[in-house]
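Order of listing sets the numbers, starting from 1, for every ligand and every atom in it.
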Amino acid sequence: WIQVSSVQMPRFEAVDGSGVHSISEQLASRCGYTISTFKMDGLTTFRASYYSCFTHKQDDSVFTFRFNVMVSDGGGAWISRAVSASCSGLSWTHREIVCEENYMETVDMLLWSFMMFRLVLVQAQRTATSVWQLMFLQSGGHVSSMSVSEAQTMGYSLTTTAHRVVLRSQYKQQHAKVLMVDGIPVEVIRVSVFFKNKLTVVIMDVTMAYSGSFDDTWLLWDVPWIMTPLVEEDARFESQSVRVGVEGVLLDEPTSTTRGFSLVRGGGLVQIGVPFGAEGGYRKSLVVNNVYKELYVIFLLYEHVFSLLYEDGSSITTRHRMVRVLDTPLLCRPPFKTISDDDAFSIYLGNIPADVILEEVWINRKQLMTSESINPVAHVNGSRAYKLRLPFDDAIVHLRYLGGGVVQFSIDVNFTLTIVPQRDSYHHHTVVTAHVVDAFPPQISAQCSDGGITFSVVRPHQTKSLWEVGVDQEPLTSQLAAQRGYHLHNDTHRTSLDVPVLSIGYTYEDINLSHFYGIFKLLLRDSKTLEVQTSTSKRCLFRTEDMMVCSADGTMTVVTTPTSTWPTVGPDRISLLDPTCRPKQADGSRVLFEFKVNSCGTRTMTVDEKVLLLNRLTVRCFYPLSGVNRLSVDRLFRAEAPGFGSIKVFESLEGRSPTY
Ligand SMILES: *[C@@H]1O[C@H](CO)[C@@H](O)[C@H](O)[C@H]1NC(C)=O
Ligand SMILES: *[C@@H]1O[C@H](CO)[C@@H](O)[C@H](O)[C@H]1NC(C)=O
Ligand SMILES: *[C@@H]1O[C@H](CO)[C@@H](O)[C@H](O)[C@H]1NC(C)=O
Ligand SMILES: *[C@@H]1O[C@H](CO)[C@@H](O)[C@H](O)[C@H]1NC(C)=O
């Protein structure tokens with residue numbers, strides 16, 4: 001055996017005393033060489049029989065092989081390498097039959113052929129006219145005789161040595177016939193060889209059994225237990241051993257058991273079974289129209305050693321070997337399996353052929369960058385699986401509240417699996433959804449207190465990340481609370497929020513000098529879609545103090561105590577810069593103005609001209625510019641949210657005389 005690893009098909013030459021002989025396909029089958037058609041992993045296997053044409057045979061016991069193996073260098077030149085081997089110390093049975101990929105060969109010891117003499121002597125005497133004579137026994141008792149040279153022109157090869165005679169034939173030759181032996185088609189050639197001078201007769205039978213099938217799990221090869229053409233009727237058959245091997249090497253029983261091979265006798269047959277994917281074979285996968293296909297192929301050897309025992313006590317032992325490539329058809333390999341558990345998607349993508357790598361995973365159109373959530377699993381049968389685990393609360397998972405406490409989680413998963421080395425890609429796409437019941441949104445309740453409104457948000461257990469509590473556009477976080485002066489207290493199931501009146505987020509209604517209503521609203525949003533599910537709004541009555549409200553419709557409401565000015569001015573005498581803008585309400589000490597931001601002339605409120613120069617009172621409303629619409633175009637004011645205001649009293653011109 002020579003194995004050559006090369007991209008291009010290597011070439012072989014046999015070397016003997018007379019020179020170099022290039023081994024063509026034709027010459028190979030005539031001369032006992034095989035360039036195997038079974039090529040896996042870039043290996044080409046070359047086999048030579050001991051009795052191949054250019055082998056040096058010394059006394060039928062030392063065999064010397066010499067070859068040149070030529071491998072392409074990829075640039076049109078061939079690199080030649082000499083390979084030689086010398087084999088000796090082999091033990092031979094009387095009859096060695098080999099059914100190779102491209103020929104059948106039988107090596108018979110002359111000793112035992114003498115014993116066969118009696119069977120065909122009569123016929124031989126009648127027809128033997130030359131030194132060598134071959135008689136092919138054909139169906140219906142028909143005999144076709146020819147000389148050695150005639151046989152050679154027909155593609156047969158007959159050679160003799162001191163002790164052996166070797167016949168070789170290609171398959172499907174003219175004189176071969178296919179017999180059914182226990183239901184199995186068997187190709188048979190029966191030849192008698194006559195040695196005129198010694199009256200030696202050799203009968204040679206070679207047989208090859210054709211059968212092979214696949215039943216979804218097992219590759220099966222049925223071989224007749226007794227190859228009847230090889231066994232005469234008057235002899236007793238005794239089996240010595242039956243074994244199988246892989247790629248020319250016989251396996252001992254423990255090894256073949258470990259690999260799961262089975263060898264069962266029954267109904268006149270030996271049934272050889274090889275489980276899909278067994279060690280020693282090859283799995284190959286490919287992608288056809290985005291469907292995985294896989295095949296398994298194994299190069300098997302079958303060997304049966306048996307004896308024929310004759311009445312006179314003599315016996316003849318035969319070693320019958322056959323090689324066969326067994327392969328499965330292309331099998332569809334749909335991967336898949338999905339399990340969802342309570343709080344995570346668990347996808348098990350199984351039955352992935354071994355020559356496939358997981359290249360990428362896209363979930364909801366985002367590439368999963370880390371392999372943390374994916375674990376490869378090896379199956380006993382050599383295939384693989386990938387386990388993907390994604391908690392429902394992973395940011396990549398889509399969720400939708402279907403109402404009634406039911407939340408739907410969904411992922412759209414696209415696995416890219418690539419067969420190496422040929423890099424055929426297969427995409428496995430699936431949408432997985434899971435429902436969680438009792439996923440009710442948090443319960444929000446509110447109470448009025450002296451200084452503000454107190455909210456209580458009670459969260460049901462497992463739905464912590466489903467919902468977002470928000471104040472307008474903003475999610476309610478500790479930072480937001482700190483910025484705005486809310487008091488947030490958080491424990492495992494409940495969040496309580498105190499919102500002091502006049503802090504950001506309130507809206508106001510019905511403001512008068514004694515009371516007003518403050519309204520504060522919490523929104524409950526779907527934390528993924530930000531779609532508002534519910535809102536809880538609380539309206540509480542508060543006592544009016546000095547305050548300033550800048551509402552979203554552009555109304556400024558100011559309650560202030562101008563008595564602190566000097567000289568004091570009666571509240572009823574106060575107006576805005578536009579003197580027609582009078583207080584909406586006034587009592588002994590305080591005034592309430594309510595006006596549109598774009599009315600009443602000016603942003604500055606004036607009390608009296610004299611006082612104005614001494615004390616200046618500034619009322620300002622701030623609105624985020626981005627939230628203000630059409631302020632100056634048509635003198636309508638609209639803002640998305642209330643603004644916030646400030647009132648500042650500046651003591652100015654201190655120490656200077658007032659000027660008029
Ligand atoms: C390999 O084993 C896995 C897990 O037992 C099974 O799902 C799969 O169908 C098997 N594949 C083949 C080709 O037998
Ligand atoms: C899966 O991903 C591959 C490669 O990105 C793309 O070609 C294929 O269309 C995707 N399949 C689906 C169903 O989205
Ligand atoms: C309150 O606590 C819960 C769980 O302890 C947490 O999920 C949530 O984010 C916290 N909320 C705030 C506003 O800090
Ligand atoms: C002030 O407003 C409160 C609440 O709307 C109302 O009950 C009260 O009567 C009002 N007082 C005056 C003087 O208008």
Side-chain angles (χ1 to χ4, degrees), residues 285-293 332-338 345 347-353 356-371 373-374 386 388 390 396-398 409-420 422-433 446-453 501-502 506-521 537-549 551 553 555-562 570-572 574 582-595 642:
S285 34
L286 57 153
V287 174
V288 182
N289 294 333
N290 203 37
V291 173
Y292 258 127
K293 307 266 179 149
C332 285
R333 287 288 183 230
F336 224 62
K337 209 166 170 183
T338 298
F345 285 109
I347 297 179
Y348 185 91
L349 188 68
N351 210 12
I352 305 296
V356 169
I357 55 164
L358 177 65
E359 205 150 50
E360 26 180 74
V361 179
W362 287 71
I363 295 179
N364 292 338
R365 303 190 188 286
K366 289 197 188 78
Q367 189 171 3
L368 202 65
M369 295 309 280
T370 57
S371 52
S373 36
I374 296 183
Y386 291 98
L388 171 82
L390 205 61
I396 214 164
V397 174
H398 286 166
F409 297 90
S410 64
I411 46 172
D412 169 303
V413 192
N414 190 354
F415 292 92
T416 301
L417 295 145
T418 300
I419 301 172
V420 283
Q422 67 266 44
R423 300 204 59 80
D424 279 347
S425 281
Y426 162 78
H427 302 293
H428 191 100
H429 177 251
T430 187
V431 176
V432 190
T433 56
Q447 275 186 310
C448 300
S449 67
D450 279 353
I453 300 176
V501 69
L502 300 181
Y506 271 97
T507 52
Y508 303 91
E509 284 175 3
D510 301 342
I511 304 169
N512 62 29
L513 278 177
S514 64
H515 288 94
F516 67 93
Y517 284 104
I519 299 146
F520 198 88
K521 186 158 81 168
S537 167
K538 186 72 181 168
R539 187 172 186 259
C540 297
L541 190 65
F542 296 102
R543 189 175 295 280
T544 304
E545 289 162 15
D546 278 10
M547 59 190 275
M548 150 119 210
V549 170
S551 64
D553 65 357
T555 306
M556 287 171 81
T557 309
V558 182
V559 177
T560 188
T561 310
D572 53 331
I574 298 175
R582 303 289 297 169
K584 192 181 171 197
Q585 217 188 349
D587 61 15
S589 57
R590 295 187 305 169
V591 286
L592 186 151
F593 281 101
E594 191 179 276
F595 56 98

- Item | Aromatic ring pairing Y292/Y426, orientation class (parallel under 30°, perpendicular over 60°, tilted between) | tilted
- Going by the angle between their ring planes, with limits at 30° and 60°, are Y506 and F542 parallel, tilted or perpendicular? perpendicular
- Hey, is the main chain of L513 close enough, under 3.5 Å, to the side chain of R590 for a donor-acceptor pair? yes
- Task: Heavy-atom contacts with S514 under 4.0 Å: which atoms of ligand 4 show up? List them by number with element.
- Result: 1 (C), 11 (N)
- Item | Non-hydrogen atom of F516 closer than 4.0 Å to ligand 4 | no
- Query: For residues T418 and S425, is any side-chain donor paired with an opposing acceptor at under 3.5 Å?
  - Reply: yes
- Message: Side chains of L388 and L349, heavy atoms from C-beta outward: is any pair under 4.5 Å?
- Response: no
- Message: For E509, is the CD atom crowded, meaning more than 12 foreign heavy atoms sit under 6.0 Å from it?
- Response: yes
- Message: Side chains of T544 and H515: any donor to acceptor distance under 3.5 Å?
- Response: no
Every pair of nitrogen or oxygen atoms between ligand 2 and the protein that is under 3.5 angstrom apart - can you list them with their distances to 0.1 Å?
residue: ligand 2; atom: 2 (O); partner: N414; partner atom: ND2; Å: 2.3
residue: ligand 2; atom: 11 (N); partner: N414; partner atom: ND2; Å: 2.8
residue: ligand 2; atom: 14 (O); partner: N414; partner atom: ND2; Å: 3.4

